[in-house]
Amino acid sequence: MHNQEIAWALTEIADLMEILGENPFKVRAYRKGARIVEGIETPVKTLSDRGQLAKIDGIGKGLCAEIDEMLEEGASRQLQNLREKVPPEVLDMLRLPGVGIRAVRTFFGNGYTTLDELEEGARKHKLRLLPGIAAKTEVAVIRGVEMLRRRSGKFGIGVARPIAEEFVRFLQNLPEVHRAEITGDLRRSQEVVEEIHLLASSQEPDKILDLIEKHPAAVKLLDDGANFVRFQLSFGLPVQVEVVDEAEFIARWVESTGSQAHWAALQERGAKRSDGYSGDWQRFITTQEAEINYYRDLVLPWIPPELREEGSEVAFAAEGKLPEVVKITDIRGDLHIHTHWSDGVSSLEEMIDAGRERGYEYMAITDHSQSLSVARGLSETRLREQRQAIRNLSHRDKNFTVFSGIEMDILPDARLDFPDEMLRETDLVIASVHIGLRQERHKVHARLETALKNPHVDIIGHPTGRLIGAREPYDVDMEWLLDLAAKTGTILEINSSPDRLDLAAPYAKMAKECGIMLSINTDSHDRAKLGDISYGVNNARRAGLEPKDILNCQPLEDVKKILAKPKG
DNA sequence: GCCGTTTTCGGCCCGACTGTTTTCAGTCG
C-alpha cells in the first residue's frame, strides 16, 4: 500500500470509530496519523523497513503496528471489522454539511443506513421526530444528499492524477510498450474526472492488456475488447487502458484528449484544407511522432491540452490569437505557506529549504492570524517573533528571499484581524475568509469590501471558499468582486490545492479580462504539498493565463515593487 | 492512541455561531 492509501485507510478507521462512539482522542490520533502519513515524501514502507516509523512525532506503537499490518497484508483487520459494523453510506452521512457526528449516530441508531432512506425521511418530515433533530437538519440532509449525488462517480484531479502517473510509469517499464501517456479529461486537467484514460502504443497489445488485467490494483474488471481493458480500483475509480499501433498513437492521443468539440473543430479544419492532400490528411498525420507535427499539418500551432475545450480555440489558434499560457517553469516562488508556527506540519526551516530545493527565487511565509485559534493563529507579538526568525534564517542564502507575511482572517463582523500599523510592517498580507461561511450575501460583501479596500491587503486568499464536491462557495457576486478587485488593484489567489482550485478557471479567465493580477499559491501546510503548484498552474492554463498575469512569475525585484507600491 | 513525565496516567488546539434550544450543546473552521 502506498502512503496515500494508508492515509485514506487511517481516516476511514477514524470516521468509523467516531460513528461507533470510540474515545474522541483516539479518533483524533488516527486522523493526525493520516495527515502525517500523507505528508511523508518517502514511501512509508521504506521508513518501516529502516525502523524509523515509530520515531515520527504523532506515530506511536499502536499506529505503527496498524501501518505495518497494512504494508504486509495489504489491508487492515481493524478496518475490515469496523466496516462490518457500519454500512458504507453511513460514512457518507458524515459528509453532509450541517450534519455532524451526533446526528449521524442518531440516524444510524434509528435504522437509517442509506442516503436514499435518509433523504426520504427528510422529505417526509420523519427525521424531525428523532431526538435532537429539527426541520433545519432535514433541509441540510436534502441539500447535502443532492451535493453528494452530483459528486458521486467523480474523483478529484488530486486523487486521479498521481494514480494515473503511477500506471503510466508501470506501462513505460514494460519492454513491449513503446510509449504510454495520460489522455482524456485528466490530460485537459479537469477539476474532477469520472475515469482515468491511458493510451499506450505497442506491437503486442494482447500481452499488455493481459498484464494490466492482472495488476494487483485492478480489483474488478469492468469491460474489455480487442485493444482496451477497463477496470476499477479499490475505491471505485475506473481506469481504461487502450493500446494502439505506434503509427496510430498521435492521432488517437489527440482524438482521445478531446474534448469532442475540439476534435470536431480539428476534423472540420482538416476537411477544408486546400493545399494538396486534403483528401487523406488524416492518414498522413497519423504517422506523426509528435503532437506538434499533427497540429502543424493542420497549419496550426500546438494547442495546450488545457485549452482544448470549446472548439473555438482552433479558430483562435489559426489566427495566432492563442495565449502563451503559463508553464510550471515560469513559477518563481510560492507566496502562501504555513508552518508549525500555526497549523502547519513542517518547521519554518523545512519549508524554506523545500522552497529552495524546488529552485524558487522567493517564498512568503503566511501563517494564520490570531482569531483562527483552532489553527493556533499568530498574535501580533508572535508574528513579530516569526519575522525575526525569518530574518535570521535569511542570512543563510542570499539568493533566496523569504517574505514575512500573514494569512489574516477577515472577521465575521467585517473587521480585519490586525490593525493597519501591523499590516504596514508586514511584507505580504493575504486576507481570507475562514469563518462565518454561511452568512448572507450583504454581510459577505461587507467583509470582502473591507479587505479589498484596505491599502495593505495584497492578495485575497481562496476567494470563493469552495471545497470541490464538499462545500459550496460562500454567497458572493463574482462580477461585483472582480470589479472591486480591479478598482482597488487587489491580487486574487489561485489556490492550487486540488480540493480548492479557487479561483476556478472560468473566474480566473474573467479576472484576467478585468486586468486583475493573480497569484498561484499552494497554501501548503507541509513541505510535501509544495508540489501542488502544478494543479494551480494547470488551472491557470485552462483560464488562458500568461506569465505576465501572474504575480509569482515576476522576478524578485518586480514582486518587491508590486508589494511595496500603494494599491489602486 | 499519543505524549510526557512527578515512569503510569492524565490531558489532549478553541471560540463563534446556530439551533438540536429556552440555557447549552452541536457544528464549523
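Sequence lines set the chain letters: A, B, ... in the order given, protein chains first and strands last, and positions in each chain run from 1.
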Rounded off to whole Å, could you give me the [atom1]-to-[atom2] distance for the [X] and [N] pair?
| X | N | atom1 | atom2 | value |
| --- | --- | --- | --- | --- |
| A:H340 | B:dC13 | NE2 | P | 16 Å |
| A:I13 | B:dG1 | CD1 | P | 11 Å |
| A:E18 | B:dG1 | CD | P | 16 Å |
| A:I36 | B:dG1 | CD1 | P | 15 Å |
| A:R35 | B:dC13 | CZ | C1' | 12 Å |
| A:R28 | B:dG1 | CZ | C1' | 12 Å |
| A:N23 | B:dG11 | CG | P | 13 Å |
| A:L411 | B:dG15 | CG | P | 15 Å |

If the [atom1] atom of [N] is compared with that of [M], how far apart are they to the nearest Å?
| N | M | atom1 | answer |
| --- | --- | --- | --- |
| B:dG4 | B:dC13 | P | 13 Å |
| B:dG29 | B:dT23 | P | 29 Å |
| B:dT8 | B:dC2 | C1' | 14 Å |
| B:dA16 | B:dT21 | P | 24 Å |
| B:dT5 | B:dG11 | C1' | 12 Å |

side-chain contact (heavy atoms from CB on, under 4.5 Å) partners of [X], counting only residues at least two apart:
| X | answer |
| --- | --- |
| A:Q370 | A:S379, A:D417, A:F418 |
| A:V192 | A:K154, A:I468 |
| A:P87 | A:V90, A:F108, A:T113 |

Set of residues satisfying ring pair (Phe, Tyr, Trp, His ring centres under 6.0 Å) with respect to A:H338, sequence neighbours excluded
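Once residues adjacent in sequence are excluded, the partners of A:H338 under the ring pair (Phe, Tyr, Trp, His ring centres under 6.0 Å) criterion are A:H336, A:H368, A:H525.
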
Tell me, for nucleotides 24-29 of chain B in 5' to 3' order, what letter each nucleotide earns: B for a base near a protein heavy atom under 4.0 Å, S for only sugar-phosphate near one, - for neither?
--SSSB

Nucleotide by nucleotide, 5' to 3', does protein get under 4.0 Å of the base (B), only the sugar-phosphate (S), or neither (-) in nucleotides 3-9 of chain B, counting heavy atoms?
S------

With the threshold set at 4.0 Å, does a side-chain nitrogen-carboxylate oxygen contact exist between A:D502 and A:R466?
no

Pair A:E72 + A:K45: basic N to acidic O under 4.0 Å
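No.
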
Where do A:D523 and A:E407 come nearest, in terms of heavy atoms and distance?
OD1-OE1, 4.3 Å

Is NZ or CZ of A:R161 both nearer than 6.0 Å to the six-membered ring centre of A:Y535 and within 45° of the ring axis?
yes

Heavy atoms under 4.0 Å, any strand shown: does A:P412 hit a base, just sugar-phosphate, or nothing?
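Since only primed, P, OP1 and OP2 atoms lie under 4.0 Å of A:P412, the category is sugar-phosphate.
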
Does the structure show a Watson-Crick or G-U wobble partner for B:dA16, both distances under 3.5 Å? Name it, or say none.
B:dT27

For A:Q439 and for A:F25, locate the closest nucleotide of DNA chain B by heavy-atom distance; then report the residue assigned to the nucleotide nearer the 5' terminus.
A:F25

Of A:I133 and A:A375, whose nearest nucleotide on DNA chain B comes first from the 5' end?
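Of the two residues, A:A375 wins.
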
Between A:E472 and A:R150, does a salt bridge (Lys or Arg N to Asp or Glu O under 4.0 Å) hold up when you go through it step by step?
CA-CA 12 Å; A:E472 299 294 327; A:R150 276 203 303 279; 3.0 Å; yes

Near A:Y507 OH, under 6.0 Å, is it more than 12 heavy atoms from other residues, nucleotides or ligands?
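No - once you tally the heavy atoms of other residues, nucleotides and ligands closer than 6.0 Å, there are 12 at most.
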
